[in-house]
Amino acid sequence: MRNRLLPVFDRLLKHHGPQDWWPGDTPFEVMVGAVLTQNTSWTNVEKGIINLKHHRLLAPESICTSSHAALAGHLKPVGYFNVKALRLRNFCRWYLEQGGYGRLSRWPTAALRRALLSVSGIGRETADDILLYAFNRDVFVIDAYTRRIFSRLGLIVGDEDYDDLRRHFEDGIKRERGARCPVGQRGERRARASIYNEFHALIVHHAKDFCRTRPRCGQCCLSSHCPSAAE
DNA sequence: ACCCAGGGTCATA
DNA sequence: TATGACCATGGG
C-alpha cells in the first residue's frame, strides 16, 4: 500500500493542468462560497454571490445586519435559500465575534477547525473547505467526488467515516512525500497545503468533466489506475 | 418527467 | 451509531 495517491495527483495535474482554486476574490468570498455550495452546483452559487455583490452584501457586517427576507431573496437561485441565509448569518456572527480574519488566522488548525464546527450550518467538509482555501491550512477535503473517484480506483470503499478518510489521505500523502518531520518543520505544512489545494481542485474538475459522462472511467486519464477500466 | 448537484441538521430508534 | 426527512433552484 505505497505510493498510490500522489501518482493519481500527478496524472490529474498533467492531464488537466493547475486549477488555481478556490474561485473567489477574497478569503471571505471563499468562505461564503463554501457554505453556499453545500449539495449545490457551483453555477447556482455564482448567481447568488453575484446578487450579494450587487447589493453590497458580500461582507460579514452587512450580512449580519440585513433582514432574513432580503438575504434569502438574494440567495434564491442558490437553492435551500432559507437554510443558507440562516447558516450564512450564523457563520458571519461567529466570524465577527472572533475578530475577523486577522484574529482567526492566528489560531492553530485543530482549534480553528473545532470552532468552525461549533457553528450551526458548518459541517466537516465546509469547515475543511474554509481551512484549506481561505486559511491555507494543511487539511485534505473529502467530498462526494473524492469518494466516487477513489472508490472506482479501488483505493477506498467509499462509505468510510469522513474524518477517517481525511486522515487516510493526509497520512498517505505525507508518507508518500517522504516527509518524516513530526510537526512544524519549516515549509512542509505549507507545501502539503499546496498539494491538498491542487489535488481537491483537480478531483472536482475531473469529476465534473469526465465521471458523469463516463461512469466507468475507462477512457479517462486515470484509466491505467482503474481496475474497472478492464471491463 | 426525472436525476443530480463541490452537505448539514434534526428527529427517531 | 445509524438511518430518514427535509431543505429548493437550475441544468442535463
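Naming convention: chains lettered A, B, ... in sequence-line order (proteins, then strands); numbering from 1 in each chain. These figures come from a predicted structure and were not determined experimentally. For the numbers below, each heavy atom of this structure counts, side chains included, while hydrogens, waters and symmetry mates do not.
- When the side-chain nitrogen and oxygen atoms of Arg148(A) are compared with OP1 and OP2 of dA5(B), one or more of them lie within a distance under 4.0 Å.
- In this structure, CG of Asn82(A) is placed 5 Å from P of dA8(C), rounded to the nearest angstrom.
- In this model, the phosphate group of dG11(C) is approached by a side-chain N or O of Lys47(A) to a distance below 4.0 Å at OP1 or OP2.
- When distances run from any side-chain atom of Tyr80(A) to the nucleotides dC10(B), dG8(B), dC7(C), the shortest one goes to dC7(C).
- The residue Ile203(A) sits apart from the nucleic acid: no heavy atom pair falls under 4.0 Å.
- For the pair Leu86(A) CG and dT9(B) P, the computed distance is 11 Å after rounding to whole Å.
- Below 30°, between 30° and 60°, or above 60°: for His200(A) and Tyr133(A) the angle between ring planes is between 30° and 60°, a tilted geometry.
- Salt-bridge formation is not detected for the pair Lys174(A)/Asp138(A): no Lys NZ or Arg NE/NH1/NH2 atom is positioned less than 4.0 Å from an Asp or Glu carboxylate oxygen.
- Side chain to side chain, Thr146(A) and Asp143(A) meet the donor-acceptor criterion of an N or O pair below 3.5 Å.
- Among the protein residues, Arg87(A) comes within range of the nucleic acid bases, having at least one heavy atom under 4.0 Å from a base atom.
- Aromatic ring orientation, His16(A) versus His205(A): perpendicular (interplanar angle above 60°, classes split at 30° and 60°).
- Distance CD1 (Ile142(A)) to P (dG8(B)): 12 Å, rounded to an integer number of Å.
- In this structure, CG of Asp164(A) is placed 11 Å from P of dA2(C), rounded to the nearest angstrom.
- Rounded to a whole Å, the NZ atom of Lys84(A) is 8 Å from the C1' atom of dG7(B).
- Rounded to an integer number of Å, the gap from Asn51(A) CG to dT9(C) C1' is 13 Å.
- The NE2 atom of His205(A) sits 17 Å away from the P atom of dA5(B) (whole-angstrom rounding).
- One finds no side-chain N or O of Asn44(A) lying less than 4.0 angstrom from the OP1 or OP2 phosphate oxygen of dA8(C).
- Under the 30°/60° scheme for interplanar angles, the aromatic rings of Tyr196(A) and Phe140(A) are found to stand perpendicular.
- Taking the P atoms as reference points, dG8(B) lies 23 Å from dG10(C), given to the whole Å.
- Both distances falling under 3.5 Å, in either a Watson-Crick or a G-U wobble arrangement, occur for no nucleotide opposite dA1(B).
- Side chains of Arg87(A) and Thr126(A): no donor on one and acceptor on the other come within 3.5 Å.
- Within the 4.0 angstrom heavy-atom criterion, only backbone atoms of the sugar-phosphate kind lie near Lys76(A); the bases stay farther away.
- For Phe81(A), whose side chain is taken as the heavy atoms from C-beta onward, the closest listed nucleotide among dA5(B), dA8(C), dG7(B) is dA8(C).
- Comparing dC7(C), dT9(B), dG10(C) against the side chain of Pro77(A) picks out dG10(C) as the nearest.
- The residue Val78(A) sits apart from the nucleic acid: no heavy atom pair falls under 4.0 Å.
- Side-chain N/O atoms of Thr126(A) include one lying less than 4.0 angstrom from OP1 or OP2 on dG8(B).
- Atom CG of Leu36(A) is separated from atom P of dC7(C) by 19 Å (rounded to the nearest Å).
- Residue order along DNA chain B, read from the 5' end via each residue's closest nucleotide, puts Trp21(A) first among Trp21(A) and Gly121(A).
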